[in-house]
Amino acid sequence: MTKGELKYEGKAKKVYATDNPETYIVEYKDDATAFNAQKRGTIANKGIVNNAVTSRLFTYLASFDVPTHFIEQLSEREQLVKAVKIIPIEVIVRNKTAGSFAKRYGVEEGIVLTPTVLEWCYKSDALGDPPLNDVTAIALGLASPDELETMMDLAMDINDGLITFFANRGLELIDFKIEFGKLPSGEIILADEISPDTCRLWDTASGERMDKDRFRRDLGNVEGAYQEVFKRVMGDANA
Ligand code: TMP
Ligand code: ASP
C-alpha cells in the first residue's frame, strides 16, 4: 500500500491518499490540543496508543454490525480506512455529567443522565464547534432527517457496546465524541477515532480520570494514563 498525497491534516491525525481511490491511510500524531487549540502540547506515544485503541474498538464494534471505516492497522501509527466524506457534525453521547455539559448547566460532574444525552455540534474549528439542534443541522444542509436518525441510532448502539467493553476493563465511559462519514453509495459509517482523546474514562475503582482531561486540566501523569488505557484495552478481558 503506497502512501500518496496528504489530503488533510487535523490536530491529532494526518490523512493520506493511497493508490486506491477507495482507501486512505490515517497517521496518528502525538500532538495534543484543547479548548479549540488554545492549549497545545504533545503527549509522548499518544499516536501509538490512539491508533491501537481505535483499531481494537472499531474491530469490536464491527463484530456487532456497526459499520465503520476501519480496514486494518498498518503500523504503530498508521491504519488503512475506507475513504469517506466526513459529515461535519460531532456527535457527543453523555452517560454522566462532565466537561462542557456540567459547566453549561451548572451541575456537578458524575451525575447519571437519564435518558442518555445525545448532542450535535457543527464541526468547525473557526467557529469553535457550536451546538446544533436537528432542525438547524437540516436547515444548514449538514445532514438529512434520515441521516440524523441513522447517526443517532448508531451512536446509541456504539454507546451500549463501549460501556460494556470498558466496564470489563475497570473503566467507566462517562461521555465520548464520534464522527461519521459517508461512502459514495450514501451509506453512513463510523469514522475518525475512539480513544482517550475523544472519550472520558474514569477508573471504576478510584474514579481517577484516565483520559485527555489529564492534559486539559493539568492533572499530571498524562502519558501514564494513556499507557494504562492502552494496557487494559489491548489486554484479553472478555469483550
Ligand atoms: P465536552 O464535555 O468538552 O463537550 O466533551 C464531551 C466529549 O467529547 C468528551 O469525551 C471529549 C470529547 N471531545 C472531543 O473528542 N473533541 C472535542 O473537540 C471536544 C470539545 C470534546
Ligand atoms: N481537541 C479539541 C481542540 O483542540 C478540544 C478537546 O479535545 O478538548 O480544540
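Order of listing sets the numbers, starting from 1, for every ligand and every atom in it.
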For Ser100, take its heavy atoms, then give the atoms of ligand 1 lying under 4.0 Å from any of them. 1 (P), 2 (O), 3 (O), 4 (O)
Does the Arg77 side chain pair with the main chain of Tyr28, one donor and one acceptor, at a distance under 3.5 Å? yes
Only heavy atoms of Arg216, strictly under 4.0 Å: list the atoms of ligand 1 that pass. 11 (C)
Between Phe230 and Tyr226, is the gap from one ring center to the other below 6.0 Å? no
Of all the atoms in ligand 1, which lie at a distance below 4.0 Å from a heavy atom belonging to Thr198? 10 (O), 12 (C), 15 (O)
Taking distance alone, with N or O pairs closer than 3.5 Å, would you say Thr33 contacts ligand 2? yes
With heavy atoms of Cys199 as the reference, note each atom of ligand 1 found under 4.0 Å away. 10 (O)
Atom 8 (O) of ligand 2: which protein heavy atom is closest, and how many Å away? Arg216 NE, 2.6 Å
Within 4.0 Å of some non-hydrogen atom of Ala37, the atoms of ligand 2 are 3 (C), 4 (O), 9 (O)
For ligand 1, which atoms have a heavy atom of Asp197 less than 4.0 angstrom away? 15 (O)
Whether Phe165 and Tyr60 hold their rings parallel, tilted or perpendicular, with breakpoints at 30° and 60°: tilted
By the definition side-chain contact (heavy atoms from CB on, under 4.5 Å), identify the one residue from Lys14, Lys3, Glu72, Gln73 that meets it with Glu78. Lys3
Is Glu109 salt-bridged to Arg217, cutoff N-O under 4.0 Å? yes
Starting from atom 18 (O) of ligand 1, find the nearest protein heavy-atom neighbour and note its residue, name and distance. Asp129 OD2, 4.0 Å
For ligand 1, which atoms have a heavy atom of Gly99 less than 4.0 angstrom away? 2 (O)
Identify the closest protein heavy atom to atom 5 (O) of ligand 1: which residue and atom is it, and at what distance? Arg200 NH1, 3.5 Å
Write down the atom of Ala191, the atom of Phe58, and the distance for their closest heavy-atom approach. O-CZ, 3.4 Å
Below 4.0 angstrom, N of the basic side chain to O of the carboxylate: do Arg200 and Asp175 qualify? yes
Between Glu119 and Arg104, is the closest basic N to carboxylate O distance under 4.0 Å? yes
Ligand-side contact atoms (ligand 2) for residue partner Lys212, heavy atom cut-off under 4.0 Å: 1 (N), 6 (C), 7 (O)
Selection from Glu109, Glu90, Lys177 by shortest heavy-atom distance to atom 12 (C) of ligand 1: Lys177
Nearest protein heavy atom to atom 9 (C) of ligand 1: under 4.0 Å? yes
Tell me whether Asn45 contacts the main-chain N or O of Asp30 through its side chain, where contact means a donor paired with an acceptor under 3.5 Å. no
Residue, atom and distance of the protein heavy atom nearest atom 3 (C) of ligand 2 read Lys11 NZ, 3.2 Å
To the nearest 0.5 angstrom, please state how far the CG atom of Leu61 sits from the CG atom of Leu162. 5.0 Å
Shortest protein contact, atom 7 (C) of ligand 1 (heavy atom only): Asp175 OD1, 3.6 Å
So if I count the atoms of ligand 1 from 1 in the order they appear, which ones are less than 4.0 Å from some heavy atom of Phe176? 10 (O)
Sub-4.5 Å side-chain heavy-atom contact between Glu9 and Lys29: yes
Any Arg94 heavy atom less than 4.0 Å to ligand 1: yes
